[in-house]
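Note sheet for the following structure.
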Amino acid sequence: MDESKSILGAFFASTAVGSGQIDPLDPRTWWVAYRQSQKGTMDIQAQMHDHTMRLAGVPARKFYYDPRVNALAGAAASAYYHFDAPSIAGDVYNYEAEAMGARMIYSSTAMPTIDFREPLIGKPTDLQKLVAPADWFSAGRVRFAWETSRLTREVTGGKGLSFCAPFSLAVGVRSYPLLIRDMKRNPTFAHELFSRLVDDVLPSYLKAQCDYLGGGDLAVGADAWAAYPNLSPELVEEWVVPYAGRLLQNCMKYGFVALPAASADYCEEDLKKFDKHILWKTFDAEVKVMMGQPAIFMAMGRWHEYPLEPVVEWLDQWKAKGVRVAVTAGVNARLLRDGPPEKIVDNIKRFIQAFAYDHNLTLFLANIPADAPSDNIHAAVAASHYYGQLPLAKNLDDIHFEMPKRETFQEYVAKMSNGQGLQF
Amino acid sequence: MSKTLEELKLAIVEGDDEAAPEKAQEALAEGLAPIAVMEQAVVAGIEEAGRLWSENRYFLPDVILSAGAFKAAAAVIQPKLTATNGPVKGRVLLGVVQGDMHDLGKTIVIAMLAGGGFEVIDLGVDVPIQTFVDKVRELKPDIVGLGAYMTTTMLLMKDVVASLKAQGLRDQVKVFVGGVPTTQQFADEIGADAWGKDALDTVAKARQLVAMEVR
């Protein structure tokens, strides 16, 4: 395979943008129009729901409940920042658990979150609660999640589906400490829990979602709970890989592929503990989670501080076989908040220099913090467009980079809506 | 060290929360001094887990299991400890701010701080701003620690610091912050005294803060 896309890239690869006509009061069309005008640069995408909420000034109790508000605000923010995929999402780790009855905390200032003090599966006999609701759409906030996707698809096309990956969902219903204890002390019970998720709950959720949205090709399952060091590479191989494979098999009959994303993502916090051998094991585990596809996530770690040479060294084994690996390289959330913009630009340039010539690189802004300055995000996007111009320059140092000077989000919205603004 | 203490320490290191309290009971039944059981086995065990973590030989699952075993054993021993067993290094009040439920880091920090000789009072998760203020006033801790996992909820830490100041308590307590989205820069911006990068760093910073207070 020499043209593998990153899983995120593939998620949006089928995006068929609409007519390109701008409706001043529909930010989804702003993004579509921008996307059609932008050719020949490397993809840059983002996860930014909390940031969008704050940027658009929408209360949490509206943003995480009203699909129209979420979709329009997300599209407006994606268009403002010139992202290559509309970043429209919510608390993707929670929907299935909430729909099955998990207790939640609903805050005025933040996204809903699972209340781990009283997990859905508090004791082994609670396993009976792990059943697919008869009507997913009406359960919890599933309607919000799917309607947001439908509204986005209306103008962007695309056939992506989304879900919470088995390990992260197991944490959601059981809590991390209890699940870890189960895995070590009561593995029979833990395996039963995982089996119910991948044989019943998740295939049912994805099938219903696929039907509601009118089809699907690739379902991406968020799996940050399985990132390193939440799980060691060995535990990923033991507990994530087999169930990812089983879920894939269970979904193939419905006509779409379902895979976790970000399992084993290397997120060591202490730079003194950076270990290339452990890093390589996490990459090996990631490839196994992807069922052998050469694709790695470097989404959430401190990649502006880790050395990139060990990554290149690992990638060289594939390069020697003529394989271009799908590399998703993420700019760290804390760097996006703290800046400075010059450091962010340098980070993007390093990624392109190290990975884009020999592999398929997707740039990713990992969970942009709520209060990250917009200048920092503009700097990241501009860097991807300057240094990621295709075909790539022979020497990135020859490129003259200028830090963008952009209007505020409010000024942008006023400009695009003929001064009418947007009422969220 | 007695065989029982060795087994207790091993239970903590291996994260066995069933064997740990049993061995702690056994050690006390053998007539060993509670302070010796605590220091030589329970604290030594959690410190060993921390060392293995710092050497990349333990991962988060191992540490969380060790913290659970530590908590189970400490619950057996702490009621037997008396004031004559020496002063604690300081009193720390810990909580995860309102709207946030993620307390994994807090669990480990509590174990490490307790192992480091601090008295730790856990306010839990989803703690309202005013509760932090009221508890600081009531319990007079040396340090109040604020945790958050989300970039939306971490912004409430600033409000906690402001409320402590507004209610005349800021000068009486040191504030440290921690959690995945936080940074030293963020801690500086909101006027906190320290940022805990991880559990071991938090213990070191807590020691520094208390030492500053004493000076």
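Just so it is clear, the model here is predicted, and its values are computed rather than measured. Values reported hereafter were calculated over all heavy atoms of this structure, with side chains retained and with hydrogens, waters and symmetry mates removed. Chain letters run A, B, ... following the sequence lines, proteins first and then strands; every chain starts at 1.
Residues B:Lys197 and A:Asp270 share a closest heavy-atom pair of NZ-OD1, 3.9 Å. The heavy-atom pair separating A:Pro229 from B:Pro61 by the smallest distance is O-CD, 3.6 Å. Residues B:Thr182 and A:Arg334 share a closest heavy-atom pair of O-CD, 3.5 Å. Across A:Lys184 and B:Leu65, no two heavy atoms sit closer than the pair CD-CD1, 3.4 Å. Taking both residues in full, the closest heavy atoms of A:Ile105 and B:Gly99 are given as CG2-CA, 4.3 Å, listed atom of the first, atom of the second, then distance.
There is no contact between A:Ala333 and chain B, counting heavy-atom distances below 4.5 Å. At a 4.5 Å heavy-atom cutoff, the contact between A:Met53 and chain B is made by side-chain atoms alone. Contact annotation for B:Tyr58: neither backbone nor side-chain heavy atoms come within less than 4.5 Å of a heavy atom of chain A. With a 4.5 angstrom heavy-atom cutoff, B:Val180 touches chain A only via backbone atoms. Proximity to chain B is absent for every atom of A:Leu179, based on heavy atoms less than 4.5 angstrom apart. Heavy atoms closer than 4.5 Å to chain A are found nowhere in B:Asp62, neither backbone nor side chain. Looking at A:Tyr228, only its side chain comes within 4.5 Å of chain B, counting heavy atoms on both sides.
Looking only at side-chain heavy atoms (C-beta outward), B:Trp53 and A:Lys273 come within less than 4.5 Å of each other. Between B:Asp198 and A:Glu269, every side-chain heavy-atom pair lies at or beyond the 4.5 Å cut-off. For the pair A:Arg181/B:Asp17, a side-chain contact is recorded, criterion being any heavy-atom separation below 4.5 Å from C-beta on. Residues A:Thr113 and B:Asp100 have side chains not in contact (no heavy-atom distance under 4.5 Å, counting atoms from C-beta outward). A 4.5 Å side-chain heavy-atom check between A:Met111 and B:Thr152 finds every atom pair outside the cut-off. Annotation: side chain of A:Tyr176 is in contact with side chain of B:Leu60 (closest heavy-atom distance under 4.5 Å). Residues A:Phe274 and B:Asn56 form no side-chain contact, since every pair of their non-hydrogen atoms from C-beta on lies 4.5 Å or further apart. A 4.5 Å side-chain heavy-atom check between B:Thr107 and A:Pro177 finds every atom pair outside the cut-off.
Here the OG atom belonging to A:Ser107 is positioned 7.0 Å from the CE atom belonging to B:Met150, to the nearest 0.5 angstrom. To the nearest 0.5 Å, atom OG1 of residue A:Thr109 and atom CG of residue B:Leu156 are 4.5 Å apart.
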Legend entry - Candidate pair B:Asp103 and A:Arg117, rule side chain to side chain contact (heavy atoms under 4.5 Å, CB included), full reasoning: CA-CA 10 Å; B:Asp103 66 346; A:Arg117 288 171 295 190; 5.9 Å; no

Legend entry - side chain to side chain contact (heavy atoms under 4.5 Å, CB included) between A:Arg185 and B:Asp16, worked out: CA-CA 9 Å; A:Arg185 306 231 180 279; B:Asp16 190 336; 3.5 Å; yes

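Using a cutoff of 4.0 Å between basic side-chain nitrogens and carboxylate oxygens, A:Arg337 and B:Glu189 are scored as salt-bridged.
In this pair, A:Phe116 and B:His102 present their aromatic rings perpendicular. The plane angle is above 60°, beyond the 30 to 60° band.
Counting heavy atoms of neighbouring residues, nucleotides and ligands inside a 6.0 Å radius, atom NZ of B:Lys205 exceeds 12 of them.
Ranked by heavy-atom pairs under 4.5 Å with chain B, the list A:Leu231, A:Asn367, A:Asp275, A:Asn230 is led by A:Asn230.
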